[in-house]
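Positions are given from 1 along the sequence. Because the structure is predicted, anything quoted here is derived from the model rather than measured.
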Amino acid sequence: MRAAVISAVGEVEVAEVPDPAPGPREVVVDVAACGLCGTDLHILQGEFAPTLPVIPGHEFAGVVVEIGSEVTEVAVGDRVAVDPSLYCNECRYCRSGRNNLCARWNAIGVSRSGGAAEYALAPVANCVKLPDHVRTEDAALIEPLSCAVRGYDVLRSRMASRVLIYGSGTMGLMMLQLGKLTGAASIEVVDLNEERLKTAQLLGVTATAASADELDRPEGWDLVIDATGNAHAIQDGLGRVAKGGTFLQFGVSDYAARVTIEPYKIYNQEITITGSMAVLHSFERAADLFATGVLDPEVFISHRLPLADYADALGMFQAGQGRKIQVLP
């Protein structure tokens, strides 16, 4: 089969690799679509993936074409979205229900071969069957949506909160959509990319700006969410949290990124700083939400490119072009 392979730091190619074969509790998925994510860029620069080469792609959906000898939950021909998270279920964190912090955490498309290929291997436990009205290609959006659901699980949002989101890429836009479901009083989005801000406006944001200075909120925001991973945005956002408010680090930053905090302010104003790591008990709920039409795929997916153009797709994503970019094997 053909697959995109990150062979070394900064090097990606589409090459012929062996077809996957399922173990007893695994299935082979004929990949319909695979979304690109900031994590893929981190892998390309030598972060996250324990070893290279690796086939990236942790946002994918497709059709089951082969099942292992002990698989009964799905059948050949079923359409599924795949939760990429792989846990040991034995370490302290897994035993306490914090599987996303697993001491031996792995993920399809990060540390194991992923969906940027014609076929991908997945445990049957990670496969969620799709209802008839959901297009298979669109269902690759369920994985990033499940990360956003996890983010709001961490926030435990109160009704009528004032929300500020840094970044109007796919994840920022998803946090915007879910924020509206939580009953936020207002949601404002900051981004330097004017084209992406136009999408936020289309989705019904309260206000957009290139800088939080342009927004009339001198007392700050109840919830400040970074969906960029950019150190400058994070530093600015930390200073925008209102008394008693919460800052959520949702975007994935480089390992070397650093910001400065003000311990006295955190103490005196009872500010919470927290993070949200990938997916935790949120994939099935995201699939259910997606089936209700909480996201419009035609708005969120800006480019669908053939697998052969994977390197070009990564370049477009890195340059901030479009919204969600997918490759279609």
Crowded around [X] [atom1]? As in, over 12 foreign heavy atoms under 6.0 Å?
| X | atom1 | result |
| --- | --- | --- |
| R158 | CZ | no |
| R98 | CZ | no |
| E16 | CD | yes |
| E270 | CD | no |
| H281 | NE2 | yes |
| Y87 | OH | yes |

Among [options], whose side chain to side chain contact (heavy atoms under 4.5 Å, CB included) with [X] holds?
| X | options | answer |
| --- | --- | --- |
| E188 | I165, T206, V163 | T206 |
| I142 | L289, L130, V128 | L130 |
| W221 | L215, T246, I187, V241 | L215 |

Pairing residues for H303 by the ring pair (Phe, Tyr, Trp, His ring centres under 6.0 Å) criterion, not counting sequence neighbours: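 With neighbours one apart ignored, the set is empty.
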
Please walk me through it: do E73 and R25 pass salt bridge (Lys or Arg N to Asp or Glu O under 4.0 Å)? CA-CA 10 Å; E73 296 86 347; R25 293 287 295 161; 2.8 Å; yes

Taking [X] for the side chain and [Y] for the main chain, is one N or O donor matched with an acceptor at less than 3.5 Å?
| X | Y | answer |
| --- | --- | --- |
| Q326 | L305 | no |
| D19 | M1 | yes |
| H58 | S85 | no |
| D309 | P306 | no |
| D191 | S168 | yes |
| E11 | A8 | no |
| D78 | A75 | yes |
| E66 | V27 | no |
| N193 | R196 | yes |
| R240 | G220 | no |

Applying salt bridge (Lys or Arg N to Asp or Glu O under 4.0 Å) to R323 and E195, what does each step give before you reach the verdict? CA-CA 9 Å; R323 295 173 298 282; E195 287 302 312; over 6 Å; no

Identified side-chain hydrogen bond (donor to acceptor under 3.5 Å, both in side chains) partner of Y166 from the options T228, N230, D236: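 In the set T228, N230, D236, the residue that makes a side-chain hydrogen bond (donor to acceptor under 3.5 Å, both in side chains) with Y166 is D236.
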
Taking all non-hydrogen atoms of both residues into account, name the closest pair between [X] and [Y] and its distance.
| X | Y | result |
| --- | --- | --- |
| Y310 | V12 | CD2-CG2, 3.7 Å |
| A139 | V134 | CB-CG1, 4.1 Å |
| L197 | V190 | CD2-C, 4.4 Å |
| G229 | D226 | N-OD2, 2.8 Å |
| A140 | E59 | O-CB, 3.7 Å |
| S113 | V54 | N-CG2, 4.5 Å |

Could I get the full list of side-chain hydrogen bond (donor to acceptor under 3.5 Å, both in side chains) partners for E262, not counting sequence neighbours?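 None.
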
For S186, check side-chain hydrogen bond (donor to acceptor under 3.5 Å, both in side chains) against everything at least two apart and list the hits.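 Testing S186 for side-chain hydrogen bond (donor to acceptor under 3.5 Å, both in side chains), a comparison that skips the adjacent residues, returns R217.
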
Begin with the C-alpha distance, continue with both residues' side-chain angles, and end with the deciding distance and a verdict on salt bridge (Lys or Arg N to Asp or Glu O under 4.0 Å) for K243 and E219. CA-CA 8 Å; K243 291 181 179 181; E219 70 279 20; over 6 Å; no

I need the [X] [atom1] to [Y] [atom2] distance, nearest 0.5 Å.
| X | Y | atom1 | atom2 | result |
| --- | --- | --- | --- | --- |
| L178 | L145 | CG | CG | 5.5 Å |
| T182 | Q177 | OG1 | CD | 11.5 Å |
| C147 | M174 | SG | CE | 9.0 Å |

Would you kindly say whether D222 and S161 are connected by a side-chain donor-acceptor distance under 3.5 Å?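 Side-chain D/A pair, D222 to S161: absent.
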
Quick check: do T272 and F247 have side-chain heavy atoms less than 4.5 Å from each other?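 When only atoms from C-beta onward are counted, F247 and T272 do not touch, as no gap falls below 4.5 Å.
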
Do the non-hydrogen side-chain atoms of V9 and L44 ever get within less than 4.5 Å of each other?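 They are not in contact (no side-chain heavy atoms under 4.5 Å apart), so the answer is no.
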
Should D153 and R285 be marked as a salt bridge (Lys or Arg N to Asp or Glu O under 4.0 Å) after you check the CA-CA gap, both sets of side-chain angles, and the distance that decides it? CA-CA 11 Å; D153 285 346; R285 286 181 290 146; 2.6 Å; yes

Got a salt bridge between D138 and K324, using NZ or NE/NH1/NH2 to carboxylate O under 4.0 Å?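 No.
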
Pairing of R79 and D30 as salt bridge, 4.0 angstrom limit: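 Salt bridge: no.
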
Would you check, one step at a time, whether the test side chain to side chain contact (heavy atoms under 4.5 Å, CB included) holds for L248 with L223? CA-CA 8 Å; L248 175 67; L223 301 178; over 6 Å; no

Determine, step by step, whether Y255 and F48 satisfy the ring-ring contact (aromatic ring centres under 6.0 Å, His included) criterion, reporting the C-alpha distance in whole Å, the side-chain angles of both residues, the deciding distance to 0.1 Å, and the verdict. CA-CA 9 Å; Y255 285 175; F48 295 173; 5.7 Å; yes

